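Written out below as structure tokens is the structure these notes cover.
Note that the structure is predicted; figures quoted are calculated from it, not measured. When reading the values below, keep in mind they use all heavy atoms of this one structure, side chains included, and skip hydrogens, waters and symmetry mates.
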Amino acid sequence: MKSIRLYLLLALLATITLVNFVSLLHGYQSSMQKAQNLFDSRLESTAILIASANSRQVGQETVTNQQTPYTFFQIIDDSGQLLTRSENAPDKVMGELDEGFHIINFGSYRWRNYVYRDKVLQRWIVVAERIDIRYMLAEDVVMESLLPIVMAIPVAALIIWFAVGIGLKPLNAFASQLSERKADDLRPIELDRVPKELTTVVNNTNSLLLRLAEA
């Protein structure tokens with residue numbers, strides 16, 4: 001071991017990094033799941049909102065305003081007839097008309113869709129969102145919250161380096177006194193505020209010096 005200070009720094013950093021990694025992994029998985037649940041709640045609310053906004057829609061009409069390439073909706077009657085859809089939605093019914101969340105494939109992408117049953121008007125509302133976009137947005141949010149923890153590791157290394165240096169000052173003072181002693185100087189070593197870990201070494205050294213002086 002060439003340096004106690006370096007050894008303590010590496011040991012503490014390794015411990016902090018390992019603990020942070022396990023914590024970040026758990027936090028990442030938990031946060032991603034919460035984000036997906038939030039997106040699902042938004043998808044469900046959107047379906048209900050579309051059902052209310054299109055309560056008078058009875059014929060087929062394509063909605064072209066304010067459409068995004070990663071979401072679409074359809075309104076379908078009980079006979080499977082498409083009543084209304086967004087411009088980027090397929091012109092046929094996608095997936096099963098079974099109320100709840102489903103995964104469908106459309107346009108070379110996988111979509112998370114929610115099927116809502118409008119019991120008043122006896123029709124179905126299908127709202128879908130691209131899964132890759134959902135994960136990308138969720139990951140961006142989660143990573144922004146985890147980044148400060150990762151960036152704190154170099155700061156912790158700097159603090160540990162100085163803290164260990166302060167803790168080793170009594171040892172350095174002890175070594176300095178020994179190196180400055182002449183061969184015939186057998187006085188006891190005197191240190192202020194000797195830490196418990198160094199007390200035994202100082203006492204044994206002074207005992208040795210005393211025996212040498214008596215000899």
Do [X] and [Y] have side chains that get closer than 4.5 Å, going by heavy atoms?
{"X": "Leu97", "Y": "Val126", "value": "yes"}
{"X": "Ile75", "Y": "Arg123", "value": "yes"}
{"X": "Tyr116", "Y": "Val127", "value": "no"}
{"X": "Phe72", "Y": "Arg85", "value": "no"}
{"X": "Leu168", "Y": "Leu171", "value": "yes"}
{"X": "Ile50", "Y": "Thr84", "value": "no"}

- request: Examine Trp111 together with Tyr70 and report whether their ring centres are nearer than 6.0 Å.
  value: no
Can a side-chain donor-acceptor contact be found between [Y] and [X] if the only test is distance below 3.5 angstrom?
{"X": "Gln33", "Y": "Asn37", "result": "yes"}
{"X": "Ser207", "Y": "Arg211", "result": "yes"}
{"X": "Trp124", "Y": "Asp77", "result": "no"}

- prompt: Do Leu43 and Leu38 belong to the same hydrophobic cluster, where Ile, Leu, Val, Met, Phe, Trp and Tyr are linked whenever their side-chain heavy atoms lie under 4.5 Å apart, directly or via other members?
  reply: no
- request: Check the hydrophobic clustering (I, L, V, M, F, W, Y; side-chain heavy atoms under 4.5 Å; chains of links allowed) and say if Tyr7 and Ile160 are grouped together.
  value: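 Yes; Ile160 is reachable from Tyr7 via cluster members.
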So, taking the atom named [atom1] in [X] and the one named [atom2] in [Y], what distance separates them when rounded to the nearest 0.5 Å?
{"X": "Ile76", "Y": "Leu83", "atom1": "CD1", "atom2": "CG", "value": "8.0 Å"}
{"X": "Thr17", "Y": "Leu12", "atom1": "OG1", "atom2": "CG", "value": "10.5 Å"}
{"X": "Gln36", "Y": "Ile131", "atom1": "CD", "atom2": "CD1", "value": "8.5 Å"}
{"X": "Leu13", "Y": "Leu8", "atom1": "CG", "atom2": "CG", "value": "11.0 Å"}
{"X": "Leu158", "Y": "Ile153", "atom1": "CG", "atom2": "CD1", "value": "14.0 Å"}
{"X": "Arg130", "Y": "Ser108", "atom1": "CZ", "atom2": "OG", "value": "10.0 Å"}

Where is the tightest heavy-atom contact between [X] and [Y], given as atom of each residue plus distance?
{"X": "Asp118", "Y": "Ala51", "answer": "OD2-CB, 4.1 Å"}
{"X": "Asp98", "Y": "Val115", "answer": "O-CB, 3.5 Å"}
{"X": "Leu9", "Y": "Ala157", "answer": "CD1-O, 3.4 Å"}
{"X": "Ala156", "Y": "Ile16", "answer": "CB-CD1, 4.5 Å"}
{"X": "Ala89", "Y": "Phe106", "answer": "C-CZ, 4.4 Å"}
{"X": "Val93", "Y": "Gln74", "answer": "CA-OE1, 4.1 Å"}

- request: Could you tell me whether the side chain of Ser176 and the main chain of Asn172 form a donor-acceptor pair under 3.5 Å?
  value: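 Not a single qualifying donor-acceptor pair exists.
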field: Short side-chain to backbone donor-acceptor contact, Asn105 and Arg110, under 3.5 Å
entry: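 No; zero donor-acceptor contacts below 3.5 Å.
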query: Under 30°, 30 to 60°, or over 60°: which ring-plane class applies to Phe101 and Tyr114, parallel, tilted or perpendicular?
result: tilted
- prompt: Crowded around Tyr135 OH? As in, over 12 foreign heavy atoms under 6.0 Å?
  reply: no
Check ion pair Asp40-Arg112 (N to O, under 4.0 angstrom):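 Yes, this pair counts.
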query: How far apart are the C-alpha atoms of Arg117 and Glu99, what are their side-chain angles, what is the distance that settles it, and do they pass the salt bridge (Lys or Arg N to Asp or Glu O under 4.0 Å) test?
result: CA-CA 6 Å; Arg117 174 64 174 170; Glu99 192 166 15; over 6 Å; no
